[in-house]
Amino acid sequence: MENNENTLAPLVGRIIRYGAVLSAVSWAFTLIWGFELRTLLGFAVGYGFMCAAMLYLSHTCERAVELDAAKAKRLMTRCYVLRYFALFAVCAAAMLTGLVNVVGVLVPQFYPRIVLTLIQIFSRKEGSHE
């Protein structure tokens, strides 16, 4: 039986939405040092990569739960390696061309962890009021 509904979609949607806000705030913070198109492009590329990586990760997780343990482990390892290899390639291209700020690419990769932590904190606070 195959389930075509992605149960992680609401969580990934929140990560993507709040990631956009964090990207805008982070980029706005860099305006202290002046506007630079490379920095804006870096945050745009980093945010886009983060979104693609989260969508790929959620799709892979949904597939992995339907497999036996050994196959699921291989699938998740492949996902992990592919995401980090792709991030390495994007960062290398940014450094070699100089068109995109590498820090702007890397900073958005922390957003999923930040968003998940904030979701946990706020869901605990909401639960403690009951």
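Keep in mind that the numbers below use all heavy atoms, side chains included, and drop hydrogens, waters and symmetry copies.
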(message) Does F35 form a side chain to side chain contact (heavy atoms under 4.5 Å, CB included) with L40? I'd like the steps, not just the answer.
(response) CA-CA 8 Å; F35 175 79; L40 178 61; 4.3 Å; yes
(request) Looking only at non-hydrogen atoms, find the nearest pair between A72 and L67 and report the distance. (result) N-CB, 4.0 Å
(message) Rounded to the nearest 0.5 Å, what separates atom CD1 in I114 from atom CD1 in I15?
(response) 11.5 Å
(request) Following the transitive rule for hydrophobic clusters with a side-chain heavy-atom cut-off under 4.5 Å over Ile, Leu, Val, Met, Phe, Trp and Tyr, establish whether V115 and F110 coincide in one cluster. (result) yes
(request) Compare every heavy atom of I16 with every heavy atom of Y47, then report the nearest pair and how far apart it is. (result) OH-O, 2.9 Å
(request) Identify the heavy atoms of V100 and G42 that sit nearest to each other, and give their distance. (result) CG1-CA, 3.2 Å
(request) Working to the nearest 0.5 Å, report the span between CG of L55 and CE of M50. (result) 9.5 Å
(message) Taking side chain to side chain contact (heavy atoms under 4.5 Å, CB included) as the criterion, tell me which of L96, V102, V103 meets it with C91.
(response) V102
(message) If hydrophobic clusters are built by linking Ile, Leu, Val, Met, Phe, Trp and Tyr wherever their side-chain heavy atoms come under 4.5 Å apart, do V90 and Y56 end up in the same one?
(response) no
(request) Give, for atom CD1 of I119 and atom CG of L11, the distance between the pair rounded to the nearest 0.5 Å. (result) 5.5 Å
(message) Can you give me the closest heavy-atom contact between R83 and M54, atom names plus distance?
(response) NH1-CE, 4.3 Å
(request) Verify side chain to side chain contact (heavy atoms under 4.5 Å, CB included) between V25 and F29, making sure each step is shown before the conclusion. (result) CA-CA 6 Å; V25 169; F29 181 75; 5.7 Å; no
(request) Any chance you could measure F43, atom CZ, to L22, atom CG, to the nearest 0.5 Å? (result) 10.5 Å
(message) So that I know where these two stand, are Y80 and Y84 an aromatic pair - ring centroids less than 6.0 Å apart?
(response) yes
(message) Please find the pair of heavy atoms, one from Y111 and one from S23, that lie closest to each other, and give the distance.
(response) CE1-OG, 3.1 Å
(message) Let me confirm one number: the CG-CG distance from L82 to L57, rounded to the nearest 0.5 Å.
(response) 11.5 Å
(request) Take W33 and T39 through the side chain to side chain contact (heavy atoms under 4.5 Å, CB included) test and state the conclusion after the steps. (result) CA-CA 11 Å; W33 296 278; T39 305; over 6 Å; no
(message) As a quick check of understanding, evaluate side chain to side chain contact (heavy atoms under 4.5 Å, CB included) for F49 and V105, giving each step before the final call.
(response) CA-CA 8 Å; F49 184 87; V105 172; 5.7 Å; no
(message) Applying salt bridge (Lys or Arg N to Asp or Glu O under 4.0 Å) as the test, list every pair that has at least one member in residues 30-53; sequence neighbours left out.
(response) E36-R38
(request) Provide the closest heavy-atom pair for C61 versus M76 in the form atom of the first, atom of the second, distance. (result) SG-CE, 3.6 Å
(message) What I'd like to find out is whether the side chain of L75 reaches to under 4.5 Å of the side chain of R78, using heavy atoms alone.
(response) yes
(request) Spell out, yes or no, whether V12 and F122 are grouped together once hydrophobic residues are joined by side-chain heavy atoms under 4.5 Å, including indirect joins. (result) yes
